Asks: 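This is the structure I have questions about; it appears just below.
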Amino acid sequence: QVQMVESGGGSVQSGGSLRLSCLASGVTYSDYRMAWFRQAPGKEREGVAYINTYDTTLYVDSVKGRFTISRDNARNTLYLQMNMLKPEDTAVYYCAASHKRRSFSRGPFGEQDYTFWGQGTQVTVSP
């Protein structure tokens, strides 16, 4: 049974930092490309950060220079270090996994190409 469990969300003031974690079980973690998505109230879910099996990373423009995605294959864990947080970063953050052999139909942030998802963790940034 595949499980992906996020943790590390919370409430911070603008300019603060949080570190999200996503622990995966039931999969050969090193075979999966991983990503963080987020969904703000009243908005569609969007891709935020991506990391492939070679540790190549990609970020949406709004978080470049502030967020860092990383992975620890030995611990089956994905991370998202979020610095200089802004109120517009407020959202539920989800981790997602896509097998390395699956082709991306709409690029690394296409939701339909991710097979496994976590339950989400809330991040709230106050002004």
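Please read all numbers here as calculations on a predicted model, not as lab measurements.
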Asks: Taking all atoms of both residues into account, what is the closest heavy-atom pair of Leu78 and Ala35, and its distance?
Replies: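 Distance-wise, the nearest heavy atoms are CD2-O, 3.9 Å.
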Asks: Any idea which heavy atoms bring Phe37 and Pro108 closest together, and the distance?
Replies: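 Distance-wise, the nearest heavy atoms are CZ-O, 4.5 Å.
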Asks: What pairs of residues pass the disulfide bond (SG atoms under 2.5 Å apart) test when at least one of them lies in residues 30-79, not counting sequence neighbours?
Replies: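 For residues 30-79, and leaving out neighbouring residues, there are no disulfide bond (SG atoms under 2.5 Å apart) pairs at all.
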Asks: For Lys100, give me all partners under side-chain hydrogen bond (donor to acceptor under 3.5 Å, both in side chains), at least two apart in sequence or on another chain.
Replies: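 Only Asp31 meet the side-chain hydrogen bond (donor to acceptor under 3.5 Å, both in side chains) criterion with Lys100.
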Asks: Please identify each residue that fulfils salt bridge (Lys or Arg N to Asp or Glu O under 4.0 Å) with Lys43, with sequence neighbours left out.
Replies: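 Salt bridge (Lys or Arg N to Asp or Glu O under 4.0 Å) list for Lys43, sorted by chain: empty.
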Asks: By side-chain hydrogen bond (donor to acceptor under 3.5 Å, both in side chains), which residues pair with Ser105, not counting sequence neighbours?
Replies: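 side-chain hydrogen bond (donor to acceptor under 3.5 Å, both in side chains) list for Ser105, sorted by chain: Gln112, Asp113.
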Asks: Can you tell me which residue pairs pass the salt bridge (Lys or Arg N to Asp or Glu O under 4.0 Å) test with a partner in residues 114-127, sequence neighbours excluded?
Replies: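 For residues 114-127: none.
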Asks: Sorted by first residue and then second, give each disulfide bond (SG atoms under 2.5 Å apart) pair with at least one member in residues 97-127; sequence neighbours left out.
Replies: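 Qualifying pairs: none.
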Asks: Quick one: side-chain hydrogen bond (donor to acceptor under 3.5 Å, both in side chains) partners of Gln3, sequence neighbours excluded?
Replies: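 With neighbours one apart ignored, the set is empty.
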Asks: How about CZ on Arg102, more than 12 heavy atoms from neighbouring residues, nucleotides or ligands closer than 6.0 Å, or not?
Replies: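 Atom CZ in Arg102 is crowded, with more than 12 foreign heavy atoms closer than 6.0 Å.
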Asks: Taking all non-hydrogen atoms of both residues, which atom of Gln122 and which atom of Ala91 are closest, and how far apart?
Replies: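 Minimum heavy-atom separation between Gln122 and Ala91: NE2-O, 3.4 Å.
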Asks: What donor-acceptor contacts under 3.5 angstrom involve side-chain atoms of residues 15-22, with partners at least two apart or in another chain?
Replies:
{"residue": "Ser17", "atom": "OG", "partner": "Asn83", "partner atom": "OD1", "Å": "2.9"}

Asks: Report the residues that fulfil salt bridge (Lys or Arg N to Asp or Glu O under 4.0 Å) with Asp89, sequence neighbours left out, ordered by chain and then residue number.
Replies: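 Partners of Asp89 by the salt bridge (Lys or Arg N to Asp or Glu O under 4.0 Å) criterion, ordered by chain and then number, come out as Arg38, Arg66.
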Asks: So, taking the atom named CE in Met34 and the one named OG in Ser98, what distance separates them when rounded to the nearest 0.5 Å?
Replies: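 Going from the CE atom of Met34 to the OG atom of Ser98 covers 9.5 Å.
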Asks: Scan residues 75-109 for pairs that pass ring-ring contact (aromatic ring centres under 6.0 Å, His included), counting only residues two or more places apart or in two chains.
Replies: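 Applying ring-ring contact (aromatic ring centres under 6.0 Å, His included) to every pair that reaches into residues 75-109, excluding sequence neighbours, yields Tyr32-His99, Tyr50-Phe104, Phe104-Tyr114.
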Asks: Quick one: list whatever passes salt bridge (Lys or Arg N to Asp or Glu O under 4.0 Å) with Asp61, sequence neighbours left out.
Replies: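 Testing Asp61 for salt bridge (Lys or Arg N to Asp or Glu O under 4.0 Å), a comparison that skips the adjacent residues, returns Lys64.
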Asks: Would a 4.5 Å heavy-atom cut-off, applied to side chains only, mark Leu85 and Phe67 as touching?
Replies: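 Heavy-atom side-chain distance check passes, below 4.5 Å.
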Asks: Mind checking the CE-OG1 spacing from Met4 to Thr115? Nearest 0.5 Å is all I need.
Replies: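 Separation between the atoms: 10.0 Å.
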Asks: Is any side-chain heavy atom of Val125 closer than 4.5 Å to a side-chain heavy atom of Gln13?
Replies: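 Contact flag for Val125/Gln13 side chains = no.
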Asks: Which residues satisfy the side-chain hydrogen bond (donor to acceptor under 3.5 Å, both in side chains) test with Ser70, sequence neighbours excluded?
Replies: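 Ser70 satisfies side-chain hydrogen bond (donor to acceptor under 3.5 Å, both in side chains) with no residue once adjacent residues are dropped.
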Asks: Between CG of Leu23 and CG of Asp72, what distance do you get to the nearest 0.5 Å?
Replies: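 Rounded to the nearest 0.5 Å, the CG-CG separation comes to 10.5 Å.
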